[in-house]
Every structure is written in structure tokens, then in C-alpha cells.
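Positions are given from 1 along the sequence. Reckoned from all heavy atoms, side chains included, excluding hydrogens, waters and symmetry mates.
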Amino acid sequence: MPTGFTPVSALIGGALIGLAATWLLATIGRIAGISGILNRAVDTREERGWRLAFLIAMIVAAGAWFALWGASPRSGFPWLALTIAGVLVGAGTRLGNGCTSGHGICGLARLSRRSLWAVLVFMGAGIVTVYVVRHIAGGFA
């Protein structure tokens, strides 16, 4: 199953995520945990402006990436699989009290033990999921 992964795109993407997280912390003192930003943007009116701006900027940046590099996001996934995956990611994020960006980027950079365990669980679940989808279920391509 081919993917669009390249070391260059991964390096650029990682650098941009790190830059955005650093900018957010340096300018307004907030952690770039995307699930928390989304949750509080929907649930509360507190500081909704910067949260919505950050989320919109993420979507625009992804669109710009695809437009500038002529790439297209992967498609053709079954809607049921996407729905189940979305629910599982949301449940995992809620159980882990944060997502990969909050724990993996910001939490590990702050030497948080809780974030280290969360990342280990996220990575383990991801490895198991890829193995099951590709080698047992036969993939979704």
C-alpha cells in the first residue's frame, strides 16, 4: 500500500508543528494540545478567538500544502472505517486527557511523565492498529 510519506515532507511538517507550538507558548503561554483547543473552542466562550484562529490556520495550512506541492490527500477509505477510527481516536484522547500533539510534542518537551506514558500507549495502539488493518483485515486500499 503506497503512502505519500517522504522524509522531507515529514521533516518540514514536524518543524512547522514545533514552530507553531513554540509560537503559541511564547506568545500567549498556551500549550498546543489540539484536542484541548478544539474542546474548549466548542464548549466554552473563554478565549475562543485564538482557539478558532489556531484551528482555522491548521486547516488553511494543510490546504496550502496540498495546493503548493500538487499533492492530494489520500482518499477512498470506507466511511464506516473512518467513523470508527474517529470515535476511537476521540475516546483515546479523552481517556488520555490529551492527544498526540499535546502529550507528544508539548508534554515530552516539558519532561512530563504522564505524557511519556500517553505517547507510549498511543504509539503501541497505532502499531497494533496498522498491523491488524494491513495484515489481518487486508487493508482499506
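No path of Ile, Leu, Val, Met, Phe, Trp and Tyr side chains, each step under 4.5 Å between heavy atoms, connects Leu120 with Val128, placing them in separate hydrophobic clusters. By the rule that hydrophobic residues join a cluster once side-chain heavy atoms approach within less than 4.5 Å of another member, Trp23 and Ile37 end up as members of one cluster. At a threshold of 4.5 Å between side-chain heavy atoms, the hydrophobic network of Ile, Leu, Val, Met, Phe, Trp and Tyr places Leu111 and Ile31 in two separate groups. Residue Val89 is not grouped with residue Val121 when hydrophobic side chains (ILVMFWY) are merged at heavy-atom distances under 4.5 angstrom, including chains of intermediate members. When hydrophobic clusters are built by joining Ile, Leu, Val, Met, Phe, Trp and Tyr residues whose side-chain heavy atoms come closer than 4.5 Å, directly or via intermediates, Val130 is not grouped with Leu88.
For the pair Arg51 and Leu38, the minimum side-chain heavy-atom distance is 4.5 Å or more. The closest side-chain heavy-atom distance from Ile59 to Leu55 is not below 4.5 Å. Arg48 is not listed as a side-chain neighbour of Val42, based on a closest heavy-atom distance of 4.5 Å or more. Counting heavy atoms from C-beta on, the side chains of Thr100 and Ile105 never come closer than 4.5 Å. Residues Arg30 and Glu47 form a side-chain contact, since some pair of their non-hydrogen atoms from C-beta on lies under 4.5 Å apart.
Remark: Ser115 OG to Phe122 CZ distance equals 8.5 Å, nearest 0.5 Å. Taking CD1 of Ile17 as the start and OG1 of Thr22 as the end, the distance is 11.5 Å to the nearest 0.5 Å. Remark: Ile34 CD1 to Cys99 SG distance equals 6.0 Å, nearest 0.5 Å. Taken to the nearest 0.5 Å, the CH2 atom of Trp50 stands 4.5 Å off from the CD1 atom of Ile28.
Here the side chain of Thr83 pairs a donor or acceptor atom with the backbone of Trp79 at under 3.5 angstrom. Not a single donor-acceptor pair under 3.5 Å links the side chain of Ser35 to the backbone N or O of Gly98. Proximity of a side-chain donor or acceptor of His103 to a complementary backbone N or O of Gly96 within less than 3.5 Å is detected.
Taking the six-membered ring where tryptophan is involved, the planes of His135 and Tyr131 are tilted, since the angle between them lies from 30° to 60°.
The shortest heavy-atom contact between Ala32 and Ser101 is O-OG, 3.4 Å.
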